[in-house]
Q: 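Below: one structure in structure tokens.
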Amino acid sequence: MFNIVQDPMLRRAAAKLGLSESMTALLETPYRIIQVQIPFRLDSGELEIAYGFRVQHNASRGPYKGGMRYHPDVNPAEICSLARLMTWKTALFDIPFGGAKGGVACDPTKLSQAELERMTRVFARKLSSAVGPKKDIPAPDMGTNAQVMAWFADQWGKFEGYDPAVVTGKPISLGGSYGRTEATGTGVAMVAKHMCDALGENMPGKTVAVQGFGNVGSWFSLAAQDRGANIVAVCDQWGAVQCDKGFPADILRVAMEASIRREPIADALLSAAGSFRISAEELLAADVDILVPAALGGVVTDSNVNDVRAKMVIEAANEPLTASASESLKDRGVTVVPDILANAGGVVVSYFEWVQNRQGFRWNKARVHSELASAMQRAFDATWVASGRDCTKLREAAYLVAIERVSQATEYRLGISD
Ligand code: NAD
């Protein structure tokens, strides 16, 4: 078997909780790794073979749950780490799910819609016995979307009987949840507000720089602005723009529309009075109260961490800080709100989608929003208390809460024959 990437945060929490080496190893490694061949026809009639994976990490607390990504770099080692992260996220939010992740190593931008559909249907067929509303519930991730989930659910239904609860992130007309699109970014803004409150500071007036203006960054910016924050610097992959007075909401909305069309956002942002271009490096080094990396992993490293001037960094993307960059910020007393706490709004509303599908009942947007707000508040409070109300210990605290819950559930369910 290939080497499973170690999880130092798990090991640290396991030592604090007094878990045995064998329990720690059980939590570090996945329950099952599935690899399948995906033969499908290209539009030219030629045969193409892709390889797909599903890693089911831990289901002690409920069915496996996690995204499916289509990307050329998909590989089992990375999918294992991401599946494990899902287990900790669902546990921290006390959602009755475990953790999983999957994907196909392919470049979806090079496939036509018909090719994507054929590939997805073969993948769903190959996984049909391993997934299901009570077994493992996929969701969209990088390179996949509501349409891919619709094909997946339809194909799975041909084998197992149609049930929308087999996937989340579906189109609304197939039982998707209201409020899913904005859930992750809005959840990040809710956590930012809780963090300010816990520190006895005011969110209104806080200056914020946001790296990445896709789904998460754009919805975060609007929701943070609703809570009084001033979005003063924003970037996407093509460029960064600063506006010291703060970008008006209508201009952020035009930028969001450009981002949805996969177009650069700079033109929209530069229409704000007093705005000017800055470099990507300057955005990360902006003199702001809060920095929100919402684009890629590993953007703050040992080589640029000393440039960061923000007093608070909120990890809206997954793993935007390397472990040692995170330690350096901590040593400087910078508050780092970890990804598993900050960006779980999406999986929380995915859970609400599954609940609605199983109830055969649709919640309105206001209910989804208020349930999301309660979930974010509860997870924040649990983390804050576990940290001893120390803003430099939030990551350790979040892992401690999550791993205690998963290890207890795993212990209760271990049978003599296991
Ligand atoms: P997205 O594809 O919608 O947007 C990504 C944004 O980042 C785009 O604006 C893109 O231009 C920008 N970007 C890409 N490369 C960049 C670079 N080098 N410098 C600056 N900007 C760059 O993606 P998303 O759904 O918003 O996800 C963003 C991050 O949040 C990812 O790390 C993702 O894994 C994580 N995340 C997303 C969700 C979700 O529900 N969408 C949930 C949890 C975590």
Side-chain angles (χ1 to χ4, degrees), residues 65-71 73-74 78-79 81-83 85-86 88-90 92-93 99 101 103 108-109 138-146 149 168-169 176-177 179-189 191 209-223 233-241 252 255-266 268-269 277-286 291-301 304 314-321 337-353 372 376:
K65 180 87 190 90
M68 287 287 200
R69 56 175 58 177
Y70 288 175
H71 192 275
D73 296 341
V74 162
E78 191 191 17
I79 296 287
S81 299
L82 294 167
L85 190 62
M86 286 304 299
W88 312 146
K89 239 183 231 188
T90 53
L92 177 61
F93 280 77
K101 202 78 167 192
T109 63
D141 201 272
M142 263 162 64
T144 57
N145 56 22
M149 291 304 110
T168 60
S177 180
R180 171 64 188 88
T181 311
E182 57 269 46
T184 303
T186 306
V188 178
V191 166
V210 186
Q211 185 203 40
F213 206 70
N215 174 274
V216 179
S218 61
W219 283 107
F220 162 76
S221 299
L222 290 172
V234 174
C235 78
D236 62 9
Q237 71 207 77
W238 294 286
V241 181
L252 290 178
M256 178 196 261
E257 281 156 24
S259 162
I260 291 169
R261 294 192 302 272
R262 303 264 165 223
E263 290 170 8
I265 58 172
L269 297 173
R277 280 187 191 273
I278 55 171
S279 68
E281 294 75 29
E282 284 169 325
L283 182 129
L284 288 176
L291 172 66
V292 180
L296 308 168
V299 292
V300 180
T301 64
N304 62 359
I314 304 181
E315 292 187 320
N318 285 324
E319 300 181 350
L321 313 182
V337 184
D339 47 8
I340 67 166
L341 173 62
N343 71 21
V347 70
V348 169
V349 175
S350 276
Y351 162 58
F352 298 158
E353 181 175 331
L372 172 64
M376 299 306 296

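All ligand and atom numbering here is 1-based and tracks the order in the structure. Every value quoted in this text rests on a predicted model; they were computed, and no experiment measured them.
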Q: Quick check against the 3.5 Å criterion: does Asp236 have a side-chain atom that pairs as donor or acceptor with the backbone of Gly239?
A: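 Side chain of Asp236 to backbone of Gly239, a donor-acceptor pair under 3.5 Å: yes, one is there.
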Q: Note the single closest protein heavy atom to atom 30 (O) of ligand 1, along with its residue, its atom name and the distance in Å.
A: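 Answer for atom 30 (O) of ligand 1: Ala317 CA, 3.5 Å.
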Q: I want to confirm something. Looking only at heavy atoms, which of Met142, Lys89, Arg69, Gln237 is nearest to atom 15 (N) of ligand 1?
A: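 Ranked by closest heavy atom to atom 15 (N) of ligand 1, first place is Gln237.
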Q: State the CD-CG distance between Glu319 and Leu296, to the nearest 0.5 angstrom.
A: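 Here the interatomic distance stands at 12.5 Å.
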Q: Nearest protein heavy-atom contact for atom 9 (O) of ligand 1: which residue, which atom, what distance?
A: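 Ranked first by proximity to atom 9 (O) of ligand 1 is Phe213 N, 3.0 Å.
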Q: Identify the protein heavy atom lying closest to atom 25 (O) of ligand 1, giving its residue, its atom name and the separation to 0.1 Å.
A: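 Checking every protein heavy atom, the shortest distance to atom 25 (O) of ligand 1 gives Asn215 CB, 3.7 Å.
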Q: Using distance alone, decide if ligand 1 has a nitrogen or oxygen within less than 3.5 Å of any nitrogen or oxygen in Val216.
A: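 In this structure, Val216 places an N or O atom under 3.5 Å from an N or O of ligand 1.
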Q: Which residue and atom name correspond to the protein heavy atom nearest atom 6 (C) of ligand 1, and how close is it?
A: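 I find the closest protein heavy atom is Gly214 N, 3.6 Å.
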Q: Any nitrogen or oxygen of Trp238, side chain or backbone, less than 3.5 Å from one on ligand 1?
A: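 No, since none of the N or O atoms of Trp238 sits under 3.5 Å from an N or O of ligand 1.
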Q: What is the closest protein heavy atom to atom 39 (C) of ligand 1, and at what distance does it sit?
A: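 Nearest neighbour among protein heavy atoms for atom 39 (C) of ligand 1, to 0.1 Å: Thr184 OG1, 3.5 Å.
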Q: Closest non-hydrogen protein atom to atom 44 (C) of ligand 1, residue and atom name please, with distance?
A: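 Checking every protein heavy atom, the shortest distance to atom 44 (C) of ligand 1 gives Asn343 ND2, 3.5 Å.
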Q: Judging by distance only, is a nitrogen or oxygen of Ser259 under 3.5 angstrom from one on ligand 1?
A: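 Such a contact does not occur with ligand 1.
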Q: So which bit of Ala294 gets within less than 4.0 Å of ligand 1, heavy atoms only: side chain, backbone, both or neither?
A: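 Backbone only; the side chain of Ala294 stays clear of ligand 1.
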Q: Show me which atoms of ligand 1 lie under 4.0 Å from any heavy atom of Asp236.
A: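 Those qualifying, in numeric order: 9 (O), 11 (O), 20 (C), 21 (N), 22 (C).
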Q: So which atom in Arg180 and which in Ser350 form the shortest heavy-atom distance, rounded to 0.1 Å?
A: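 Residues Arg180 and Ser350, closest heavy atoms: NE-OG, 3.5 Å.
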Q: Apply salt bridge (Lys or Arg N to Asp or Glu O under 4.0 Å) to the pair Asp339 and Lys89, showing each step before the final yes or no.
A: CA-CA 9 Å; Asp339 47 8; Lys89 239 183 231 188; over 6 Å; no
Q: Near Arg180, which atoms of ligand 1 are under 4.0 Å from a heavy atom of that residue?
A: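 In order of number, 40 (O).
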Q: Suppose I only count heavy atoms of Ala316 and a 4.0 Å limit; which atoms of ligand 1 are within that range?
A: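 This gives 30 (O) as the contact atoms.
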Q: Can you tell me how far apart CD (Glu353) and OG (Ser177) are? Round to the nearest 0.5 Å.
A: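 Glu353 CD to Ser177 OG: 6.0 Å, rounded to 0.5 Å.
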Q: When you measure from the side chain of Ser259 to the backbone N and O of Ala255, does any donor-acceptor pair fall under 3.5 Å?
A: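 A pair under 3.5 Å: no.
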Q: Can you sort out the partners of Lys65 under salt bridge (Lys or Arg N to Asp or Glu O under 4.0 Å), two or more places apart, ordered by chain and number?
A: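 Salt bridge (Lys or Arg N to Asp or Glu O under 4.0 Å) list for Lys65, sorted by chain: empty.
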Q: Say whether, by atom type as modelled, one donor and one acceptor occur between the side chain of Ser279 and the main chain of Glu282 under 3.5 angstrom.
A: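 A pair under 3.5 Å: yes.
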Q: Nearest 0.5 angstrom please: Leu291 CG to Gln211 CD, how far?
A: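 The distance works out to 7.5 Å.
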Q: Report the part of Asn318 (side chain from C-beta onward, or backbone N, CA, C, O) that has a heavy atom under 4.0 Å from ligand 1; answer both or neither where that applies.
A: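 Both backbone and side chain.
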Q: Looking at ligand 1, does any of its N/O atoms fall within less than 3.5 Å of an N/O of Ala295?
A: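 Indeed, backbone or side chain, Ala295 has an N or O that close.
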Q: Starting from atom 18 (N) of ligand 1, which protein heavy atom do you reach first, and at what distance in Å?
A: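 Going atom by atom, the protein heavy atom closest to atom 18 (N) of ligand 1 ends up being Leu296 CD1, 3.5 Å.
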Q: At less than 4.0 angstrom from any non-hydrogen atom of Cys235, what atoms of ligand 1 do you find?
A: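 So the answer, numbered in order with elements, is 20 (C).
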Q: Does Ala344 approach ligand 1 within less than 4.0 angstrom via side chain, backbone, both or neither, non-hydrogen atoms only?
A: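 Ala344 to ligand 1: no contact under 4.0 Å from either part.
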Q: Nearest 0.5 Å please: distance from the CG atom of Leu252 over to the CG atom of Leu222.
A: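 Answer for the CG-CG pair, Leu252 versus Leu222, is 5.5 Å.
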Q: In terms of residue, atom name and distance, what is the protein heavy atom nearest to atom 2 (O) of ligand 1?
A: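 For atom 2 (O) of ligand 1, the nearest protein heavy atom comes out as Arg262 NH1, 3.7 Å.
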Q: Under 4.0 Å from atom 23 (O) of ligand 1, is there at least one protein heavy atom?
A: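 Protein heavy atoms within 4.0 Å of atom 23 (O) of ligand 1 - there are none.
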Q: Is there a donor-acceptor pair closer than 3.5 Å between any side-chain N or O of Asp141 and the backbone N or O of Met68?
A: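 Side chain of Asp141 to backbone of Met68: no pair is present.
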Q: Heavy-atom contacts under 4.0 Å between Glu315 and ligand 1: side chain, backbone, both, or neither?
A: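 It is neither part, as no heavy atom is under 4.0 Å.
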Q: Any chance you could measure Thr184, atom OG1, to Asn343, atom CG, to the nearest 0.5 Å?
A: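 The distance works out to 6.5 Å.
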Q: Under 4.5 Å between any side-chain heavy atoms of Asn318 and Leu85, yes or no?
A: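 Touching, per the 4.5 Å side-chain cut-off.
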Q: Say you draw a straight line from CE of Met142 to OH of Tyr70; how long is it, rounded to the nearest 0.5 Å?
A: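 That separation rounds to 13.5 Å.
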Q: Is Gly217 in polar range of ligand 1, meaning some N or O pair under 3.5 Å apart?
A: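 No, Gly217 has no N/O under 3.5 Å of an N/O on ligand 1.
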